[in-house]
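By convention in this document, chain letters (A, B, ...) are assigned in the order of the sequence lines, proteins followed by strands, and residues within each chain are numbered from 1. None of the values given here were measured: they were computed from a predicted structure.
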Number of protein chains: 2
Amino acid sequence: MPAEGREPPGGYDPSAFEPFAVTVDLAVFTVRENRLHVLLVERGQEPYAGAWALPGGFVLPRESAGQAARRELAEETGLSEETATALHLEQLGTYSDPDRDPRMRVVSVAYAALVPDLPEPRGGGDAARARWTEFRSVPALAFDHADILADADERVGAKLEYTTLATEFCPPEFTLGELAQVYETVWGTALDRPNFRRKVLSTPGFVQPAEGPPRRTGGRGKPAALYRAGDATRLHPPLLRPEGRTR
Amino acid sequence: MPAEGREPPGGYDPSAFEPFAVTVDLAVFTVRENRLHVLLVERGQEPYAGAWALPGGFVLPRESAGQAARRELAEETGLSEETATALHLEQLGTYSDPDRDPRMRVVSVAYAALVPDLPEPRGGGDAARARWTEFRSVPALAFDHADILADADERVGAKLEYTTLATEFCPPEFTLGELAQVYETVWGTALDRPNFRRKVLSTPGFVQPAEGPPRRTGGRGKPAALYRAGDATRLHPPLLRPEGRTR
DNA sequence: GCAAAAGTGTTCGTAGTACACCCATGA
DNA sequence: TCATGGGTGTACTACGAACACTTTTGC
């Protein structure tokens, strides 16, 4: 409840609350070379100087947490503001352990984002380096970022089951094989391609054929039909990962 | 990212951030007389003095948001700390619009809770009144609490589908009819009792028979067997509401 | 006996799974 | 012509929806 709602029975002076810093942290996922990657930055200052961490930053006085997350995403990935605005950002939750930052009280709102394969992040103007890291090889992270990342992975995996979010990992035009590859990469399981194909095509609005009937080859093999994302955002019924596995 | 993570390229002084107040808001649901109810409090101060709002309060300097939510829940419902600790609290999300509180910058972490039918909340020591209100008759609420409540309702409905959370609404021993009633009340749909029964009993760990084979009557009709909540917390496969309806 | 709620049995349709098989291309 | 990935066909199975029917109580 906002300030000066009812006070706890013990009495509490609304003007005496300790100030909190509010930040956002981002778990930005992409699929590169059929492996799940996440964007990490190297910290330049103490604490945890030299350690890897999730990108993020302060929420500015006149923006919401979601706006801050979008701004940080554009800055870290080099995407234009417009492109970043179109991407799906998922609020994961808020991490508020009093000791999560050793210096002061910091409450952080975590977001997960799925982006298509992008070039290596530009270094940015400041000291911190940023790079894509394979998910399975993520090193120890600063603060409670390992927890956040684990939650993000679980959430993204679950989201693929009942939304069309997987298309966010794909370029504007993609083959069904590429789409299946996204699921397999995020879930870490193999899928039956024929059944996957039927499932996707029988779900109205999941994908639509790319208008001109061009085809494309992934090297060898029969050229595949191209599709683009459809209007639907939810999947009824869901596309469940085999045996409820979670990697 | 916590304080002094990398700064935005434009430059940002970590010591100059505006202080935020951090609060928790609670959407506490219960089932009374087969109808969904939510706990509301009447505001005693401006802004929105006299208006109804969700219970909640400040996060104290040495507690996490989750701890604050549990504390508030115990205070508002009159439950003992131990009982409140055992209840399931679900973090819904964080509401951070810069203008959501007209006086200052307040970021609020919202939680949903499901409790069995409780006596009318004690007035508490302060001026604010609290009462159970039927969900469908909730008046206009202060701040963005109507948004929070709508999100909470949706989340609770979805949670029932793939968790055993419905047992939280029930007394320690309950009949399958009562459990079905919870689903029907929250979802606003009718269920086929025979199928519901089979579904619940065939899900390992959802419920277990109450040891002594006592039976109970809900007035007329055949006495029903009593069950208590089982160990399981997840439902595989889920118990989907008919036709994906969402009320 | 009748209404009401608990509980059992059975049928039917649909959706997922598994897998055989054909097609189009590069090397 | 072989390997590779795209794409089609089909049988099997499991599970949910629907609903008939029996049981046990209060009135």
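Side chain of T164(B) to backbone of A232(B): a donor-acceptor contact under 3.5 angstrom is found. Side-chain atoms of T94(B) never come within 3.5 Å of backbone atoms of T94(A) as a donor-acceptor pair (strictly under, hydrogens ignored). In terms of modelled atom types and a separation under 3.5 Å, the side chain of E168(B) and the main chain of L87(B) share no donor-acceptor contact.
Distance, R193(B) CZ to dA17(D) C1': 16 Å, rounded to whole Å. Atom pair L191(B):CG and dC19(D):P shows a separation of 15 Å (rounding to whole Å applied). Atom CZ in F174(B) sits roughly 20 Å away from atom P in dA5(C) (whole-Å rounding). Atom CG in L239(A) sits roughly 14 Å away from atom P in dA15(C) (whole-Å rounding). The distance from atom CZ of F196(B) to atom P of dA6(C) is 11 Å, rounded to the nearest whole Å. One can place NZ of K222(A) at 18 Å from P of dC21(C), the figure rounded to the nearest angstrom. Rounding to whole angstrom units, CG of residue D192(A) and C1' of dT17(C) are separated by 7 Å. In this entry the distance linking CG of L176(A) with P of dC23(C) reads 20 Å, nearest Å.
Using a 4.0 Å heavy-atom distance criterion, R198(B) is classed as a base contact.
Taking 4.5 Å as the limit, every side-chain heavy atom of Y227(A) sits out of range of all side-chain heavy atoms of F206(A).
Residues satisfying the salt bridge (Lys or Arg N to Asp or Glu O under 4.0 Å) test with K199(A), not counting sequence neighbours, are none. Scored by the side-chain contact (heavy atoms from CB on, under 4.5 Å) test, R35(A) finds E33(A), H37(A), E134(A), R136(A) as partners (sequence neighbours excluded). Scored by the side-chain contact (heavy atoms from CB on, under 4.5 Å) test, N195(A) finds D192(A), R198(A) as partners (sequence neighbours excluded). Looking at residues two or more places apart in sequence or on another chain, you find a salt bridge (Lys or Arg N to Asp or Glu O under 4.0 Å) between D117(A) and R32(A).
Comparing P194(B) and P194(A) by the nucleotide of DNA chain D that holds the closest heavy atom to each, the one mapping nearer the 5' end is P194(A).
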Between the protein and nucleotides 12-16 of chain D, list the N/O to N/O atom pairs that are separated by less than 3.5 angstrom.
from: dG16(D); atom 1: OP1; to: K199(B); atom 2: NZ; distance (Å): 2.7

Provide a list of protein-nucleic acid N or O atom pairs under 3.5 angstrom, restricted to nucleotides 11-14 of chain C.
none

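Considering only the side chain of T175(A), dG6(D) comes nearest among dA18(C), dA20(D), dG6(D).
Considering all non-hydrogen atoms of both residues, L141(A) and A53(A) come closest at CD2-N, 4.2 Å.
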